[in-house]
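In what follows, every heavy atom counts, from backbone to side chain, and hydrogens, waters and symmetry copies are set aside.
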Amino acid sequence: MEGSDTTITTVTSPSSPVSPPQSHVVISPCAACKILRRRCVEKCVLAPYFPPNDPLKFTTAHRVFGASNIIKFLQELPEPQRADAVSSMVYEANARLRDPVYGCAGAICQLQKQVNELQEQLAKARAELVNVQCQNANLMALICMEMAQPNDHQSSFDGFGTSPRSYQSNTNFLDENNTGLVWEQLLWT
């Protein structure tokens with residue numbers, strides 16, 4: 001039945017093998033007309049957006065906006081925008097029932113607050129990452145500088161130098177109270 005906004009359901013009843021199957025056509029009104037207890041006309045404005053199998057959708061919107069306001073609003077809109085408008089009305093009605101004071105504006109404010117908090121956390125994590133990368137680069141530069149020095153200074157890392165000079169450089173390197181060491185300054189900046 002083209003052009004009709006009502007739902008047609010065909011119910012086939014079992015029959016004997018001799019007679020042909022019998023079918024009954026049940027016309028179901030849209031959820032809006034069913035809830036409003038009125039006859040669903042062929043060109044019902046609400047039928048395409050409130051199917052009979054989802055009465056809660058219309059009940060929610062009807063509770064907040066009222067049936068006459070929904071019909072008036074849909075009639076003023078062009079056909080391609082009506083589905084989005086119904087979706088928005090149902091969303092706003094659900095939000096308004098959950099939070100009668102702020103509605104969906106309260107949900108939006110809460111989500112914006114979460115976004116701001118997450119952006120702050122992301123900025124802190126990025127700053128920490130840059131800090132760690134700088135420390136890593138400084139440490140690598142120090143290691144490269146130490147490796148590029150002549151081998152006679154390499155004995156200071158051995159820990160068992162025979163000359164008093166190498167022992168003195170070992171104690172300076174291992175001295176925990178010496179804060180002037182280059183590698184400590186570069187590593188912890």
Side-chain angles (χ1 to χ4, degrees), residues 31-32 46 48-51 53-66 69-70 72-74 76-189:
L46 302 172
Y49 313 107
F50 299 105
N53 59 353
D54 192 8
L56 185 62
K57 187 175 177 181
F58 179 75
T59 304
T60 305
H62 174 57
R63 199 177 285 167
V64 174
F65 296 106
N69 287 333
I70 294 172
K72 191 186 315 178
F73 187 63
L74 288 177
E76 291 174 359
L77 285 175
E79 188 92 21
Q81 295 177 351
R82 290 180 182 177
D84 291 334
V86 168
S87 176
S88 295
M89 279 191 284
V90 171
Y91 180 80
E92 173 66 33
N94 279 324
R96 187 63 60 182
L97 291 173
R98 268 184 275 131
D99 186 358
V101 176
Y102 294 109
C104 63
I108 291 170
C109 287
Q110 184 178 2
L111 291 172
Q112 284 177 336
K113 183 179 176 183
Q114 281 181 336
V115 166
N116 290 338
E117 290 172 356
L118 291 172
Q119 285 176 338
E120 289 175 10
Q121 289 178 3
L122 181 62
K124 287 179 183 178
R126 285 181 176 162
E128 287 181 32
L129 180 64
V130 168
N131 190 15
V132 168
Q133 287 173 340
C134 287
Q135 289 176 2
N136 188 23
N138 289 339
L139 184 61
M140 292 303 293
L142 180 67
I143 291 172
C144 290
M145 285 176 20
E146 288 293 325
M147 292 178 78
Q149 289 181 352
N151 285 340
D152 62 330
H153 295 293
Q154 189 67 23
S155 65
S156 64
F157 291 111
D158 294 340
F160 298 108
T162 55
S163 69
R165 183 172 184 247
S166 66
Y167 177 74
Q168 179 64 28
S169 64
N170 282 341
T171 58
N172 284 340
F173 183 76
L174 298 175
D175 187 11
E176 293 177 4
N177 296 328
N178 187 0
T179 58
L181 292 176
V182 175
W183 63 273
E184 276 186 346
Q185 289 176 352
L186 293 176
L187 186 62
W188 302 110
T189 56

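- Rounding to the nearest 0.5 Å places CG of Leu122 at 4.0 Å from CZ of Arg126.
- With rounding to the nearest 0.5 Å, the separation of SG in Cys104 from CZ in Arg98 is 9.5 Å.
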Trace of the side-chain contact (heavy atoms from CB on, under 4.5 Å) decision for Lys124 with Gln121
CA-CA 5 Å; Lys124 287 179 183 178; Gln121 289 178 3; 5.7 Å; no
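- Residues Arg82 and Leu74 share a closest heavy-atom pair of NE-O, 2.7 Å.
- Remark: side-chain polar atoms of Ser87 are not paired, donor with acceptor, to backbone N or O of Ala83 under 3.5 angstrom.
- How far CE of Met89 is from CG of Asp84: 11.0 Å, rounded to the nearest 0.5 Å.
- Scanning all heavy atoms of the two residues, the minimum distance from Ala31 to Asp54 falls at CB-O, 4.0 Å.
- Panel note: side chain Arg96, backbone Val101; a donor-acceptor pair is recorded below 3.5 Å.
- Crowding of Phe65 atom CZ: a count of heavy atoms from other residues, nucleotides or ligands under 6.0 Å exceeding 12.
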Test side-chain contact (heavy atoms from CB on, under 4.5 Å) on Asn94 and Val90; report intermediate values, then the result.
CA-CA 6 Å; Asn94 279 324; Val90 171; 3.8 Å; yes
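- A distance of 11.0 Å separates CD in Gln81 from CD in Glu79, rounded to the nearest 0.5 Å.
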Apply side-chain contact (heavy atoms from CB on, under 4.5 Å) to the pair Phe73 and Asn69, showing each step before the final yes or no.
CA-CA 6 Å; Phe73 187 63; Asn69 287 333; 6.0 Å; no
Please test Gln110 against Asp99 for side-chain contact (heavy atoms from CB on, under 4.5 Å), starting from the C-alpha separation and ending with a verdict.
CA-CA 12 Å; Gln110 184 178 2; Asp99 186 358; over 6 Å; no
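- From Gln119, atom CD reaches atom CD of Glu117 across 11.0 Å, with rounding to the nearest 0.5 Å.
- Here the side chain of Lys57 pairs no donor or acceptor atom with the backbone of Val86 at under 3.5 angstrom.
- At least one side-chain heavy atom of Thr60 sits less than 4.5 Å from a side-chain heavy atom of Leu56.
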